[in-house]
J.: 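One structure coming up, written as structure tokens, with questions to follow.
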Number of protein chains: 2
Amino acid sequence: MEKRCCGMRGLLTFLVLWIISRAPASGADVAREIEARRGKSPSPGTLYPVLKSLKEQGLVELKAGKYVLTHDGHEELTEARALFTAIFYDRDEICKGKGGAKAGRAKSA
Amino acid sequence: MEKRCCGMRGLLTFLVLWIISRAPASGADVAREIEARRGKSPSPGTLYPVLKSLKEQGLVELKAGKYVLTHDGHEELTEARALFTAIFYDRDEICKGKGGAKAGRAKSA
DNA sequence: TAACCGATATCGCAAATCCGATACCGACGG
DNA sequence: CCGTCGGTATCGGATTTGCGATATCGGTTA
């Protein structure tokens, strides 16, 4: 039962939005991308509800069998990235990179 | 209401571990750090159970009223960082939007 | 001593997150 | 025509996550 202390749970939606923003992708494409990054593919029962939710929120759109970000989707992603950056402004240390980066102040909407 | 699509949920434990690794901190210290990063402080009912769980897993230890990482804690953090990095290997793009994706300013959503 | 205050800690509850199983559909081969 | 296969999608349930309210404890002040 390995109670993983930091399973990175709750980032799936963010990750999906991020992946789609990089290139139009079908559900299966997204699944493959996630598997490549995280090591294992999410269940259909996990991925598709996320996609559906995103679509219902008007954040993504289905075009020619591929999901693409809408205007609102880009905005949402921008805000999410701001929060992400605010929380991990010292991400350089987290990733063992060299220091020196400074984070801008993030405002909350 | 406002079903935040990417609330960064599930990162609290990781964040707590990360904060403690940077400097010994009391529960209140951790709460203040999180508030500074995320904008709002977690409830006591959220933070202390996390601290307790971490302690029970032998990841952190209470020393002179301050929590500090144990050996296992450092190891766990190292693994978590590895996963974090693997998932967001293109974090530079996430944080800076390199490639000219400097979409307009944030709007009041 | 009593009242107060911040920090610490626990309890039950609501919501989110994720997964396994299952079903549907179009394309393909036997 | 029928079985198979990959992609899409839904349902129900189990686990995790976070919060509000509450209780305790040590130190300070009146």
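Just so it is clear: chains get the letters A, B, ... in the order the sequence lines come, proteins before strands, and each one is counted from 1.
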J.: Mind calculating the distance between NZ (A:Lys40) and C1' (C:dC18) to the nearest angstrom?
T.: 11 Å

J.: Which whole-number value in Å describes the distance from A:Glu56 CD to D:dA9 C1'?
T.: 12 Å

J.: Is A:Lys52 close enough to D:dA9 that one of its side-chain N or O atoms is under 4.0 Å from OP1 or OP2 there?
T.: no

J.: If every non-hydrogen atom of A:Ile87 is compared with every non-hydrogen atom of B:Arg38, which pair is closest and at what distance?
T.: CD1-CG, 3.9 Å

J.: Write down the distance between CG (B:Leu54) and C1' (D:dG18), rounded to a whole number of angstrom.
T.: 16 Å

J.: Of the nucleotides D:dA9, C:dT10, D:dG20, which one has an atom closest to the side chain of B:Pro49?
T.: C:dT10

J.: Nearest nucleotide by nearest heavy atom, which residue falls closer to the 5' end of DNA chain C, A:Gly45 or B:Leu51?
T.: B:Leu51

J.: For the side chain of B:Leu12, starting at C-beta, report the closest nucleotide among D:dG18, C:dC19, D:dA9.
T.: D:dG18

J.: From D:dT8, C:dC18, C:dA9, pick the nucleotide closest to the side chain of A:Ala28?
T.: D:dT8

J.: With a 4.5 Å heavy-atom cut-off, do B:Leu54 and B:Thr13 have their side chains touching?
T.: yes

J.: Hydrophobic cluster membership, with links at side-chain heavy-atom distances under 4.5 Å among I/L/V/M/F/W/Y: are B:Leu51 and B:Leu62 in one?
T.: yes

J.: Roughly, in whole Å, what's the span from CG in A:Leu47 to C1' in C:dT17?
T.: 13 Å

J.: For the side chain of B:Arg9 and the base of D:dT17, is some donor closer than 3.5 Å to an acceptor across the two?
T.: yes

J.: What is the distance, rounded to the nearest whole Å, between atom OH of B:Tyr48 and atom C1' of D:dT22?
T.: 15 Å

J.: Mind checking whether B:Phe88 and A:Phe14 have parallel, tilted or perpendicular rings, split at 30° and 60°?
T.: tilted

J.: State whether B:Arg32 places a side-chain N or O below 4.0 Å from either non-bridging phosphate oxygen (OP1 or OP2) of C:dG6.
T.: no

J.: What nucleotide, of C:dC19, C:dT8, D:dC19, holds the atom closest to the side chain of A:Thr46?
T.: C:dC19

J.: For B:Pro42 and for A:Gly27, locate the closest nucleotide of DNA chain D by heavy-atom distance; then report the residue assigned to the nucleotide nearer the 5' terminus.
T.: A:Gly27

J.: Return the value, rounded to whole Å, for the distance between atom CZ of B:Arg38 and atom P of D:dT17.
T.: 14 Å

J.: Quick one: B:Leu62 CG to C:dT8 P, roughly how many Å, whole number?
T.: 9 Å

J.: Answer whether the closest heavy-atom distance between the side chains of A:Arg9 and B:Leu11 falls below 4.5 Å.
T.: no

J.: Can you tell me how far C1' of D:dG18 sits from CG of B:Leu11, to the nearest Å?
T.: 13 Å

J.: Can a side chain N or O of B:Ser26 be found less than 4.0 Å away from OP1 or OP2 on C:dT8?
T.: yes

